[in-house]
Amino acid sequence: MITRMSSLFLRTLREDPADAEVPSHRLLARGGYVRRVAPGGYSWLPLGLRVLRNIEQIVREEMDATGAQEIQFPALLPREPYEATNRWTEYGPNLFRLKDRKGADYLLGPTHEELFALTVKGEYSSYKDYPVTLYQIQTKYRDEARPRAGILRGREFVMKDSYSFDLDDEGLAASYQRHRDAYIRIFDRLGLNYVIVAATSGAMGGSASEEFLAVAPTGEDTFVRSTESGYAANVEAVTTPAPAEQPVDGRPDAQVHHTPNTPTIESLVDFLNGAGLGRVFTAADTLKNVLLKTRQPGEQDWTLLAVGLPGDREVDTKRLEAALEPAEVAMLEESDFARNPFLVKGYIGPGALLANGVRYLVDPRVVRGTAWVTGADKADHHVVDLLCGRDFTPDGTIEAAEVREGDPSPDGAGTLVAERGIEIGHIFQLGRKYADAFSLDALGPDSKPIRITMGSYGIGVSRLVAVIAEQSHDERGLIWPRQVAPADVHVVIAGKDETIVAGAEQLAAELDAAGLRVLLDDRKASPGVKFADAELVGVPTILVVGRGLANGVVEVKDRATGERVEVAVDIAVPHLVSLVRG
RNA sequence: CGGGGUGUAGCGCAGCUUGGUAGCGCACUCGCUUUGGGAGCGAGGGGCCGCAGGUUCAAAUCCUGUCACCCCGACCA
């Protein structure tokens with residue numbers, strides 16, 4: 001196919017749109033791929049739609065290859081199925097809700113577990129029908145609190161979501177693995193730099209879940225990876241290796257010290273080091289006890305919870321909440337302290353907590369035999385050499401402390417470094433939550449019902465357009481991988497001379513005949529404009545037909561490397577075909 | 001939801017302090033010249049200055065209110 005730029009619906013912008021910050025947003029807007037219509041809503045112009053469709057096609061091919069079958073649901077959905085799973089309310093403000101003229105409730109689908117489960121229930125009833133996997137590539141709607149970064153986080157986006165239906169856990173595990181393998185093939189074909197990280201299993205509890213994160217400094221998700229092994233994980237999922245336990249016998253007794261004017265960990269450490277105790281203390285020797293309250297879903301009352309962690313670490317709210325999910329977590333207010341006078345603010349120690357029945361969870365670094373400086377439950381007093389396992393025994397451990405670069409990797413190899421990523425895929429062993437909600441059963445060989453178990457697997461298809469742009473661009477513009485590029489060859493007519501125009505037209509026709517997709521810049525613009533636009537648009541191979549034609553040569557330029565080679569006109573077509581097919 | 005910022009031509013911006021004819025660059029139209037790195041000259045078209053009140057002889061500009069959008073954070077695939 002030949003696409004003529006003289007008639008292509010395309011206008012490139014010389015300047016960045018004022019609202020575009022991240023590279024993908026800037027370049028996709030400047031290159032005429034997308035246009036903003038509303039916060040978090042973008043139009044796909046011809047070039048952008050081609051890239052989107054190319055990505056869709058790769059996803060579709062690999063999904064089909066796993067045996068999954070494509071279907072499509074409406075985006076506009078009735079309330080009832082979501083009422084049955086409680087998600088009409090549970091999904092919260094992120095759900096787009098609307099009413100029809102009769103006042104009936106509808107929603108715009110944010111994800112489609114309910115519909116898939118109901119559809120399978122409607123069609124299948126025998127164990128002989130299973131397993132089955134269905135998927136769709138469809139527009140999803142989420143009323144994001146803050147859409148941002150162009151099409152990286154929109155309120156309307158294209159997602160591939162698939163769902164596996166199996167008779168037993170082994171089947172689910174196999175379906176999960178099939179998806180995992182397919183996702184690896186998809187993201188490899190797209191040429192992405194990505195990692196697979198362990199995700200927190202969340203409210204579903206215990207089921208396997210992994211995220212595919214494209215590595216990009218503009219990413220919203222922080223993950224850590226080991227400097228030496230292949231270990232990578234979401235910050236929420238990082239486990240802290242526990243140090244070896246130490247003997248308790250023969251250790252110095254705990255001693256209470258008067259420590260005036262030591263409201264912070266820093267001032268406490270300074271005070272201790274000036275107190276002539278014969279050794280040097282650091283913040284890591286102190287045990288900071290943070291008071292929280294938690295509330296289980298559906299309950300009215302809050303329960304106190306104390307978290308003890310080394311004084312040199314802050315609480316990481318995300319990790320804390322992930323560790324306590326599905327319970328709500330909140331900091332204590334003044335009134336809570338007033339109600340519990342045994343809590344001496346700033347001097348809380350394990351003693352008062354345990355004596356008053358407050359659940360006390362500690363960082364995994366707090367193991368038997370470790371000695372700590374901590375609050376003495378009395379204003380202006382701290383206790384030194386409080387020994388875990390001798391002087392206090394916590395109720396358990398919790399992953400609530402911040403993870404820092406340089407921390408040891410949980411797999412024992414190397415240390416951790418933090419990086420940013422963009423979530424491009426998520427695979428999840430859902431289990432029976434939705435099957436239970438709709439009584440999705442198959443009749444087994446013994447005529448007894450078997451409750452179906454499900455997996456759900458998503459890929460952010462439209463987001464991938466932006467992710468590829470994030471990972472593949474330079475200061476001049478986009479650089480598409482061949483597999484998704486809007487064309488195979490961008491032919492620039494550099495000159496108005498009739499023989500040049502005719503020669504370029506001829507080459508374009510031959511390339512088209514050879515089965516390549518050609519973008520032909522036949523506009524009456526100056527060569528400089530055309531070169532700049534070609535680099536902005538980012539087709540991987542640029543063919544310049546210009547003054548060299550008089551000597552029988554044209555110029556083939558590689559967009560990614562900038563390398564230019566002169567090629568004889570008569571072998572230009574086979575040369576380009578081998579480049580593109582190669 | 002907290003913090004910061006911005007609304008003036010399709011896009012990017014100045015003008016606002018100190019009220020008085022709405023401007024610049026890009027893009028667009030026409031003519032001539034130009035054609036290997038975002039051309040030159042000339043002539044044009046395009047505006048509810050976010051919206052609503054108020055002050056004033058007079059408001060893009062001052063006052064009040066309101067709406068929208070963007071960025072950072074919180075939250076969220």
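Below, read A as the first sequence line, B as the second, and so on, with proteins coming before strands; counting in each chain starts at 1.
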Participant: In whole Å, I'd like the distance from the CZ atom of A:R11 to the C1' atom of B:C11.
Facilitator: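 Those two atoms, CZ and C1', are 12 Å apart.
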
Participant: Looking only at atom C1', what distance separates B:U8 and B:A14, rounded to whole Å?
Facilitator: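 These two C1' atoms come out 10 Å apart once rounded.
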
Participant: Please determine whether a side-chain nitrogen of the Lys or Arg among A:D316 and A:R404 lies less than 4.0 Å from a carboxylate oxygen of the Asp or Glu.
Facilitator: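 Looking at A:D316 and A:R404, the cut-off is not met.
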
Participant: Heavy atoms only, 4.0 Å cut-off, all strands: where does A:L536 land among base, sugar-phosphate and nothing?
Facilitator: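 Since no nucleic acid heavy atom lies under 4.0 Å of A:L536, the category is nothing.
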
Participant: Which nucleotide wins on minimum distance to the side chain of A:A494, given the candidates B:G36, B:C70, B:C71?
Facilitator: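 Closest nucleotide among those given: B:G36.
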
Participant: Identify which nucleotide among B:A77, B:C70, B:G37 has an atom closest to any side-chain atom of A:R463, counting heavy atoms from C-beta outward.
Facilitator: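 Ranking B:A77, B:C70, B:G37 by closest atom to the A:R463 side chain puts B:A77 first.
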
Participant: Applying a 4.0 Å non-hydrogen cut-off, can you work out what A:G546 is touching in the nucleic acid: base, sugar-phosphate, or nothing?
Facilitator: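 Here A:G546 touches the bases of the nucleic acid.
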
Participant: Assign A:K557 to base, sugar-phosphate, or nothing according to its heavy-atom contacts below 4.0 angstrom with the strands shown.
Facilitator: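 The answer is base, as A:K557 lies within the cut-off (heavy atoms under 4.0 Å) of a base atom.
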
Participant: Look at the side chain of A:P39 and decide which nucleotide, out of B:G12, B:G37, B:C69, has an atom nearest to it.
Facilitator: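 Comparing B:G12, B:G37, B:C69 against the side chain of A:P39, the answer is B:C69.
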
Participant: Rounded to whole angstrom units, what separation is found between the CG atom of A:L95 and the C1' atom of B:C76?
Facilitator: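 Going from CG in A:L95 over to C1' in B:C76 covers 13 Å.
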
Participant: Does A:E505 come within less than 4.0 Å of A:R4, counting only side-chain N to carboxylate O?
Facilitator: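 The answer is yes: the pair qualifies as a salt bridge.
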
Participant: Compute whether any side-chain donor of one residue and acceptor of the other, for A:T66 and A:R185, lie under 3.5 angstrom apart.
Facilitator: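 On atom types as modelled, these side chains do not qualify, holding no pair under 3.5 Å.
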
Participant: Can you tell me the base-pairing partner of B:U55? Count Watson-Crick or G-U wobble geometry only, both distances below 3.5 Å, and say none if there is no partner.
Facilitator: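 Paired with B:U55, as far as the under-3.5 Å criterion goes, is no nucleotide at all.
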
Participant: Which nucleotide, if any, forms a Watson-Crick or G-U wobble pair with B:G36, using both distances under 3.5 Å?
Facilitator: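 Pairing partner, where one exists within any strand: none, as none qualifies.
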
Participant: Please tell me which of the listed nucleotides, B:C70, B:G36, B:C11, lies nearest to the side chain of A:E15?
Facilitator: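 Of the candidates, B:C11 comes closest.
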
Participant: Hey, does the side chain of A:R142 come within less than 4.0 Å of B:C76's phosphate (OP1/OP2), counting only N and O?
Facilitator: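 It does not, given that no N or O in the side chain of A:R142 lies less than 4.0 Å from OP1 or OP2 of B:C76.
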
Participant: Give one of base, sugar-phosphate or nothing for A:A532, where a contact means two heavy atoms less than 4.0 Å apart.
Facilitator: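 Touches a base.
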
Participant: Check this for me: does any side-chain nitrogen of one of A:E555 and A:R547 sit under 4.0 Å from a carboxylate oxygen of the other?
Facilitator: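 No, A:E555 and A:R547 are not salt-bridged.
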
Participant: With both distances under 3.5 angstrom, what nucleotide forms a Watson-Crick or G-U wobble pair with B:U29?
Facilitator: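 Partner of B:U29: B:A43.
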
Participant: Quantified in whole Å, what is the C1' atom distance between nucleotide B:G2 and nucleotide B:C75?
Facilitator: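 After rounding to an integer number of Å, I get 12 Å for this pair.
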
Participant: Rounded to whole angstrom, note down the P distance from B:A39 over to B:U34.
Facilitator: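 Approximately 16 Å lies between the P atom of B:A39 and that of B:U34.
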
Participant: Answer with base, sugar-phosphate or nothing: what part of the nucleic acid does A:D533 contact at a heavy-atom distance below 4.0 Å?
Facilitator: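 Answer is base: heavy atoms of A:D533 come under 4.0 Å of a base.
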
Participant: Rounded to whole angstroms, how far apart are NE2 on A:H25 and P on B:C69?
Facilitator: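 Rounded to whole Å, this separation is 14 Å.
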
Participant: Counting only side-chain heavy atoms from C-beta out, which of B:U35, B:A39, B:G12 sits nearest to A:V529?
Facilitator: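 Of B:U35, B:A39, B:G12, B:A39 is nearest to the side chain of A:V529.
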
Participant: Quick one: A:Y457 OH to B:A77 P, roughly how many Å, whole number?
Facilitator: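 To the nearest whole Å, that distance equals 18 Å.
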
Participant: Classify the nucleic acid contact of A:E21 as base, sugar-phosphate or nothing, counting any heavy atom under 4.0 Å across all strands shown.
Facilitator: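 Contact class for A:E21: sugar-phosphate only.
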
Participant: Please give the nucleotide sitting opposite B:G19 as a Watson-Crick or G-U wobble pair, both distances under 3.5 Å, or none.
Facilitator: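 Answer to the pairing question: none, since B:G19 forms no Watson-Crick or G-U pair.
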
Participant: Whether the A:Y457 and A:S175 side chains hold a donor-acceptor pair (N or O, under 3.5 Å, no angle test) is what I'd like checked.
Facilitator: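 Checked: A:Y457/A:S175 side chains show no N/O donor-acceptor pair below 3.5 Å.
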
Participant: I need the CG-C1' distance between A:D16 and B:C13, as an integer number of Å.
Facilitator: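 That distance rounds to 14 Å.
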
Participant: OP1, OP2 of B:A39 versus side-chain N and O of A:S526: anything below 4.0 Å?
Facilitator: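 So the side chain of A:S526 is within the cut-off, an N or O lying under 4.0 Å from OP1 or OP2 of B:A39.
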
Participant: Rounded to whole Å, how long is the line connecting atom CD of A:E566 with atom P of B:G36?
Facilitator: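 Distance check: A:E566 CD to B:G36 P gives 15 Å.
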
Participant: Hey, which sits more toward the 5' end of RNA chain B by its nearest nucleotide, A:R155 or A:A525?
Facilitator: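 The 5'-side residue here is A:A525.
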
Participant: Using the P atom as the point on both nucleotides, what is the distance between B:U61 and B:G7, in whole Å?
Facilitator: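 These two P atoms come out 13 Å apart once rounded.
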
Participant: Strictly by Watson-Crick or wobble contacts shorter than 3.5 Å, is anything paired with B:C69, and which nucleotide is it?
Facilitator: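 B:G5 - that is the nucleotide pairing with B:C69, both distances being under 3.5 Å.
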
Participant: Take atom C1' in B:C63 and the same atom in B:U56, then report the distance between them in whole Å.
Facilitator: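 Between the two C1' atoms, the distance is 12 Å.
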
Participant: State whether A:R14 places a side-chain N or O below 4.0 Å from either non-bridging phosphate oxygen (OP1 or OP2) of B:A27.
Facilitator: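 It does, given that an N or O in the side chain of A:R14 lies less than 4.0 Å from OP1 or OP2 of B:A27.
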
Participant: Is the shortest side-chain N/O distance from A:R35 to OP1 or OP2 of B:C11 below 4.0 Å?
Facilitator: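 No, A:R35 has no side-chain N/O under 4.0 Å of OP1/OP2 on B:C11.
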
Participant: Taking atom P in both B:G15 and B:C24, compute the distance separating them and give it to the nearest angstrom.
Facilitator: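 One P to the other, the span is 15 Å.
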
Participant: May I ask you to evaluate whether A:R146 reaches the phosphate of B:C72, defined as a side-chain N or O under 4.0 Å from OP1 or OP2?
Facilitator: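 Yes, because at least one side-chain N or O of A:R146 sits under 4.0 Å from OP1 or OP2 of B:C72.
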
Participant: Choosing from B:G36, B:C70, B:G37, which nucleotide comes nearest the side chain of A:D19?
Facilitator: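 Selected nucleotide: B:C70.
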
Participant: For the C1' atoms, the ones on B:G45 and on B:G31, what distance do you get once it is rounded to whole angstrom?
Facilitator: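 After rounding to an integer number of Å, I get 16 Å for this pair.
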
Participant: Which one, B:G12, B:A77, B:C71, comes nearest to the side chain of A:F157?
Facilitator: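 The answer is B:A77.
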
Participant: Provide, to the nearest angstrom, the distance between the CZ atom belonging to A:R547 and the C1' atom belonging to B:G37.
Facilitator: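 In whole Å, B:G37 C1' and A:R547 CZ are 10 Å from each other.
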
Participant: How many whole angstroms separate atom CZ of A:F531 from atom C1' of B:U35?
Facilitator: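 Going from A:F531 (CZ) to B:U35 (C1'), I get 10 Å.
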
Participant: Both distances below 3.5 Å, Watson-Crick or wobble geometry, any strand: find the nucleotide opposite B:U61.
Facilitator: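 The answer is none; no pair meets the criterion.
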
Participant: Taking donor-acceptor contacts at under 3.5 Å, does the side chain of A:E535 reach the base of B:G38?
Facilitator: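 A donor-acceptor contact between them is absent.
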
Participant: Using a 4.0 Å heavy-atom cut-off, does A:R564 contact any base of the nucleic acid, only the sugar-phosphate backbone, or nothing at all?
Facilitator: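 Base: the residue A:R564, judged by heavy atoms under 4.0 Å, touches a nucleobase.
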
Participant: Nearest to the A:V544 side chain among B:C76, B:C70, B:G36, which nucleotide is it?
Facilitator: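 From the listed options, B:G36 comes nearest.
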
Participant: CG/A:L172 to OG1/A:T453 distance, rounded to the nearest 0.5 angstrom?
Facilitator: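 The OG1 atom of A:T453 is 4.5 Å from CG of A:L172, to the nearest 0.5 Å.
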
Participant: With RNA chain B as reference, determine whether A:A149 or A:G495 sits nearer its 5' end, using the nearest nucleotide of each.
Facilitator: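 Upstream on the strand: A:G495.
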
Participant: Do A:Q136 and A:D161 pass the side chain to side chain contact (heavy atoms under 4.5 Å, CB included) test, and can you show the C-alpha distance, the side-chain angles, and the key distance before you say yes or no?
Facilitator: CA-CA 6 Å; A:Q136 64 174 348; A:D161 52 330; 3.0 Å; yes

Participant: Do A:E399 and A:R319 meet the salt-bridge criterion of a basic N to acidic O distance under 4.0 Å?
Facilitator: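 Yes, this pair counts.
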
Participant: When the P atoms of B:C13 and B:G44 are considered, how many whole Å apart are they?
Facilitator: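 The same atom, P, in both gives a distance of 29 Å.
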
Participant: Which part of the nucleic acid, if any, lies within reach of A:R36 when heavy atoms closer than 4.0 Å are counted: base, sugar-phosphate only, or nothing?
Facilitator: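 The answer is sugar-phosphate, as A:R36 gets under 4.0 Å only of primed atoms, P, OP1 or OP2.
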
Participant: Is it true that A:K433 and A:E113 make a salt bridge, defined as a side-chain N closer than 4.0 Å to a carboxylate O?
Facilitator: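 Here A:K433 does not pair with A:E113 in a salt bridge, since their nearest N and O are not under 4.0 Å apart.
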
